[in-house]
Every structure is written in C-alpha cells, then in structure tokens.
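Below is one structure; the comments refer to it alone.
We use all heavy atoms of the structure for the numbers below, so side chains are in, but hydrogens, waters and symmetry mates are not. Keep in mind that what you see is a predicted model, and the values were worked out from it rather than measured. Letters go in sequence order (proteins before strands), and every chain restarts at 1.
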Amino acid sequence: MGRRENALRLVAADPQARALGLLPGLAFADARARVPHMRVENEDEAADRALMENLLSWCDRYTPVLAEDPPDGALLEISGSAHLFGGEKALRDDLVARLARMGFTAHTAIAGTTRAARALGRFRPSGTIVPCGAERDHVANLPVEALEAGERIAVALRRAGLKTIADLTTRPRKPLAARFGEELTLGLAQTLGEIDRPLIPRRPPPDFSAQCRFADPVGLAGDIDLALSGLARELCETLGREDRGGRAFEVSFFRADGAVRRIEVLSGQPLRDPKILMRLIAMRLDALSDPLDPGFGFDMIRIAVPDADAAAAIQPGLEGEKGGERSVIELVDRLAARFGTETVKRFVARGSHLPERAALAVPSLAAKPSPWPDSKTRPPRPLFLLSPAEAIEVVAEIPDGPPRRFRWRGGLYNTAHVEGPERIAPEWWRARRDTATRDYFRVEDEEGHRFWLFRYGLYDREAGPVRWFMQGLFP
Amino acid sequence: MSGAQHTLRRLRAVACMAPHRAAFGSFSPGPRVPGFPALARGSVHEIFAAGRKDAPAAAGFVTGLALVAGTAERPSLWVRHTGKGAGALYGGGLASLGFDPGALIHLSVENEKDALRAAREGLRCDGLASVVLEIEGPARHLDLSATRRLKLAAAEHGVTALILRAGADPGPSAAETRWRVAASLSASPGLDLPGQPAFTLTLLKHRSAQTGRHWDLEWDHETRQFNPKTLSRPLVALPFDRAHRADREGIRARAG
C-alpha cells in the first residue's frame, strides 16, 4: 500500500490477492471494503530499490552486460555468454530456478531486441524464446499496451479498433506517426525487431575476466584461495597473450544466497603476474574492515579487469634479481592494497605560494613523478605543516614587527632569532574566503625550537582584525 | 675475569655483529665531527626526541640520516603513527633540508600494529634506501621482538630502518644505535636571524662506540652532512625579501 495521486492505493499484490480482484492501483478503501481481513504492508521504496540493486548485482553472474529495466525488470545481454550455461534455454531455466529458490517469481523472455524482450516478458509471461529475426511473428498477438506508449495513446488506439500489434503492423506508419506521435512508431519498430535500442550497461563491461563456478558452494578459506589463484593464473595468461596488463582488478564473490561482494584491487603499473596479483588480493582481503563472509558458501567467483593497459613483456634479469624501481612500485601496490589507496602518498609540487597548496600530497598510485623546483632559491619551509593553522597569542614590539613572545598550546615562548616577514598575498583569482595578506616569520625560541608563524592581515590597510597563527614546525 | 675469558667475549661480540656490518657498509652522517660514529646500513637505529617539543628536531635529524644513508636515487618510505598535533609532513620542508620530496613515499596509519606492518613491508623491498617509522607516544607493540624482526628484514634487504619516537622513553629493543635528540639554539649568521637547523645529540647506545657522548651539530642542506655547530659567525646581514636574490643566496650559502 502506498500513496499515489493523493490517495492510499494498492501498489503491489500477491497472486492470492489478484485472484480476489485486488489489483495494483485499487484505492485502499475500496480494497478493504471488498476484502476486510486482507493483510497490508506499507510501501518501502528504499527497500524495494535496494532489493532491485541486489538482484541486478546477482544477475551479473550470467553476463557482465546488463541494465535495469524499470520499474521491476532486468535486461541481460546474453548473446556472448549463453554458451557458458549450455544454451539460452538452459540459462533461462537456471535463472528462473535460482530465483524461485530465493522466493521470486520471474517472467522471462529472450528476443533479438531489448524492446521485444521487454514486451514479451511483461505481456506474455510464459518464457518465450524468440529465434533471431522472428520478433514480428511472436509479438503480433500482444495487445497494443505492450508498446507502452502511455495510457492515453493505448485508449485512443483501442477506440480506433487497433487492439493488437498485428493490427498496427499492417498499416502505413506515417499516418500513425501523424496521429499518435513518432514515439509510437519508433516503439513499434523496436518491438518488431526492425531497429534495436542499444542496451546501456549498468556497469561498463570489463575488458578481461575470468570466472569459476562451483557445483557446490565453497566456503573454506583454502578452497577460496585455490580458486582465486587458479583464476589469477587464467586471467594473467589471457592478458599476457595480448600484451596487456590491468591497473585495476575487481574480484566478485557471488554468494549462494544471492548476495554479491565486490572487492577492488589497484596497481600502480599494468600488472599481469599472477603471484603479485594474488598477493595484492590477499592483502586487500586481509585489510577489509568488514571481512568477507562466505555464509553458506560462494557458488561463483570472478576476477575482472575493467580497463586493461598495454604492457610489454618484461625480460627478467639474468641474475634473477629484481629491478629496484620495480620493487618499489610493487611495494606501493601492496601498501595501497593493505592500507587504502588514499593513504599511501607522494609529494607533488604545485605552482602556488600558499604553503597549503604548494606541496600537495597525492595518492602514490596516481602521482606522476615531477621534478621538484630548486629549493636553493627558495626561503626555507617547515618540515611539518599545521593545516589548518592554529591561532596563537603574540606580543610584538611594534604592531607591524616580528613577534617578541607568543603563547601556543598553553606554552609561552620567547623569541631569540627571527627571520621575516615573508609576505604571501592571497590568491585573488581563486574564490576563497581568506582574502588577507599573510606575513610569515621564521622564529626560534630561546631553547632552539623553530617555528613558522604568520600574521594574518595588515594593520590599517586591510579590513578585519589582525590575528596570528602557527603554521609549521622547523627541525 | 681472566684475560682469556675477556678475549673470548670480545671475539664473540665481534662475530655477532660482523655480518651486518660487512653486508651493506656504513654511512657517516658527520665526517667532519670529531668522534662521531658511523652507522650501519641495513640495520635499525632509534632516535628519541628529548621532549615533545623536540619532535620536529628529531624528525630533522632523521631526515638527515635518511639522506646520508641513501644511495643513488633510491626512494624512502616514511610511516607515521602520530596524533593530530604533530602536523603533516611537508614536501617544501623536506626540500629545504636537501631531501628530494619526490623520492619519498609516506603514509599515515591509525594504529601502531599497522605502522609496524607497513615498516616491515617496506624493509623487505630491495629498491628502498631507508624506512622511517615514526611513532608518537608509548608504543606497546614496538618491543624487543618487533625491533628484532625489523632488524632481520633490514639486514636481509639492505634497507636502513630509522625509528623515530617522540613522547616515549627508551625501552628494550634490538636497535643497533640509539640517540636522543633535542633542539638547540642555532648559530645565528648575524642580525638575530635563525641559522641552520641545530641539534644536541646524545648517543645512548652503540655497539662499537662509546655511549653517553654529546654533540652539538647542525645540518647543512647543501653538502648534506652534519657539521659541528659553529659558535661564531661572520657578521653578514641582509633582510629577507630584497631584490638581489643572488647576493642573498650567496650569503646564506656561506652562512651554511
């Protein structure tokens, strides 16, 4: 039961309710008048949505090319994968049987175009399989509603005596288009299989993938490892044949009860060494905050490469020792797999005077090696940067002058040596809130601790109060 | 103790440490400092900040050691497990010390075990020059066996491990050397300008050098070595931001 057109209406009904005449769309008051003891549940759109998402992920086991077919369908492109299941019919039977075990009733149809499959699946729920090119014969008997051109047009067509699709096919299209709009004739052509509406996959199909299906679900860690290493070997062989390597790998675990878990493994360089791949996967699995739960076991595991890069074959060194650079790249991969891609960082210089922006720490996997600007011509910078800067209290001899004494984190510091000011103007070309000039001072206290602090704002020349901040710590 | 027993003990001690020393050589952070010991490559060295405020100074010393320990174009790994107050490692600051920021991979981890694991992972990588493991505050897991494990990994692959500790007291560990670092007032080049980064070092532990010695050193980012802190400086003076940059640089270079 849910709210539609400002009234409580039935949104969905089970077969028993349908037999009693309680169809979706019926007002709730009417339904209760007819069947007083019916059981109703409130509509939960979020839960429906989540269920649909899960089902779509689950359908991924049949083909990587699939799309949602609103409101409650899924379109699977199986031309490339039907043979893996022993043909279209076997695939369909497997799908219906598995869904039935999970408690779903599925209506299916297999046809050459998405539109024909949709019309047949929804309006003749008997599991039609249309041979290639025979869409016209199979959809002929469907009612005009199957074109889904909208209720208004369907009613108009029926009033004109056009009740089935066959009635429309025999007529010239142009007058139909003139009377009912282009949409209708386009829909008709698609349903008849004259033109195809391409399927836009929910997730881009991977370039390479390897999968293995288990007759009995596996749940033991050893078995899973064995399956994974077999898959890694198979996948890497395929990649090797085409001189390609993967920068990203996606491992999907299809649980027997329908849940699907996907894990992504990234690599800094195109990779096709099964041993390294396995090690990365193992580290990633090890690091999961929410560990892999086999439940009653996985019945399928797949490793896919969403995007493969060219990777030339590498000749190993004669002494069998690894190149240093290569081992560092592998180390970064391992660390990224274990601690997260965003954690492992490298510094990249940027053309900015603002210290927070000048040296950016970027994830190491994405970092492009860039030469660092010559530091000899630049004033010294602190080893540790406090960002955001911390407010401090400062006593200066003259308002514009360097600090004499300051209080930071509850400690009082007396200045022994000062260098500055180094004036850094705000970057006016970037829309920012801080628009005041900063005067930086390098300060050393009497015990030899060195700080980098700045005065924010200029007296008399810039609006707003003048404040002091601690920006960084020198060794 | 008889003379023979004494000799035997000494020989045993030499035999124990010989393989590490021979395997990857040693580096000398301060060749111009009298009595400053050389440090073994492919081993573990511990550096303690004398107080919490001395943490940046200790980090500066470690950066210097990492730089001297490194050989030709090898990157380093810096693993951090610190509180928020420690600030973020800054590329510009590394460059100011003469360290190429592009040659540093760094990561911050939430817990100590992860830090140890990352450091071990790094020490097993042949292509690295050094691994800095920075742990702030008391470390429960960084005990004798953990440091021994680090040492084994370091010795096997020739990567130098530098353990940087702030806000902690030295405990049992398998480290080759142990230092205490405090910030020290720099030698001003004049006009009350701050000079080169300066440190007061105490050698707490060394297997083949006299411990308990103190040094007052400063880091020279141009020659990339530690020098004895100079007490007097030529009185040169120029305020910071003036037109003749070349002049000023010349003076700074001389001052360093």
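Of the possible polar contacts, none joining the A:Arg284 side chain to the A:Val265 backbone as a donor-acceptor pair under 3.5 Å is found. B:Ser188 contributes a side-chain N or O that, together with a main-chain N or O of B:Leu193, makes up a donor-acceptor pair within less than 3.5 Å. Judged by distance alone, the side chain of A:Arg404 and the main-chain N or O of A:Pro402 form no donor-acceptor pair under 3.5 Å.
Of the inter-residue distances, the one linking A:Ile281 atom CD1 with A:Asp286 atom CG reads 13.5 Å to the nearest 0.5 angstrom. To the nearest 0.5 Å, the span separating CH2 on A:Trp452 from CG on A:Leu385 amounts to 7.0 Å.
Contacts between B:Ser186 and chain A at a heavy-atom distance below 4.5 Å involve backbone atoms as well as side-chain atoms. For chain A, the nearby part of B:Ala86 is the backbone; its heavy atoms alone come within less than 4.5 Å. Contact annotation for A:Glu446: only backbone heavy atoms (N, CA, C, O) come within less than 4.5 Å of a heavy atom of chain B. Of the atoms belonging to A:Met283, it is side-chain heavy atoms, and not backbone ones, that fall under 4.5 Å from chain B. With a 4.5 angstrom heavy-atom cutoff, A:Arg346 touches chain B via backbone and side-chain atoms both. Looking at B:Pro194, the atoms closer than 4.5 Å to chain A (heavy atoms on both sides) sit in the backbone and in the side chain alike. Using a 4.5 Å cut-off between heavy atoms, A:Ser387 makes no contact with chain B at all. For chain B, the nearby part of A:Tyr413 is the side chain; its heavy atoms alone come within less than 4.5 Å. The part of A:Phe339 that comes within reach of chain B is its side chain, from C-beta onward, which places non-hydrogen atoms under 4.5 angstrom from that chain.
For A:Glu390 and A:Trp408, the side-chain atoms include at least one donor-acceptor pair closer than 3.5 Å.
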Indicate every side-chain donor-acceptor pair of residues 48-67 of chain B with a distance under 3.5 Å to a residue at least two apart or in another chain.
| unit_1 | atom_1 | unit_2 | atom_2 | d |
| --- | --- | --- | --- | --- |
| B:Arg52 | NH1 | B:Glu136 | OE2 | 2.9 |
| B:Asp54 | OD1 | A:His449 | NE2 | 2.9 |
| B:Asp54 | OD1 | B:Ala183 | N | 3.0 |
| B:Asp54 | OD2 | B:Gly51 | N | 3.1 |
| B:Thr63 | OG1 | B:Ala59 | O | 2.7 |

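For the pair B:Ser184 and B:Lys229, the tightest heavy-atom approach, listed with the atom from each and the gap, is OG-NZ, 2.8 Å.
The distance between the ring centers of A:Phe474 and B:Trp219 does not fall below 6.0 angstrom.
Of the listed residues B:Ala198, B:Ala88, B:Ala118, B:Pro197, the one with more heavy-atom pairs under 4.5 angstrom with chain A than any other is B:Ala88. Residue with the most contacts toward chain B among A:Leu473, A:Leu383, A:Thr343: A:Leu383 (heavy-atom pairs, distance under 4.5 Å). Of the residues considered (A:Arg338, A:Glu342, A:Glu447), A:Arg338 shows the highest number of contacts with chain B, using heavy-atom pairs under 4.5 Å. When each of B:Val181, B:Val109, B:Asp114, B:Thr200 is scored by its heavy-atom pairs under 4.5 Å with chain A, the top score falls to B:Asp114. When the candidates A:Gly472, A:Ala358, A:Gly340, A:Ala416 are compared by the number of heavy-atom contacts under 4.5 Å with chain B, A:Ala416 comes out ahead. Interface summary for chain B: among A:Val418, A:Val443, A:Asp445, the most heavy-atom pairs under 4.5 angstrom belong to A:Val418.
Judged by the 6.0 Å distance and 45° axis criteria, A:Arg467 is not positioned over the aromatic ring of A:Tyr456.
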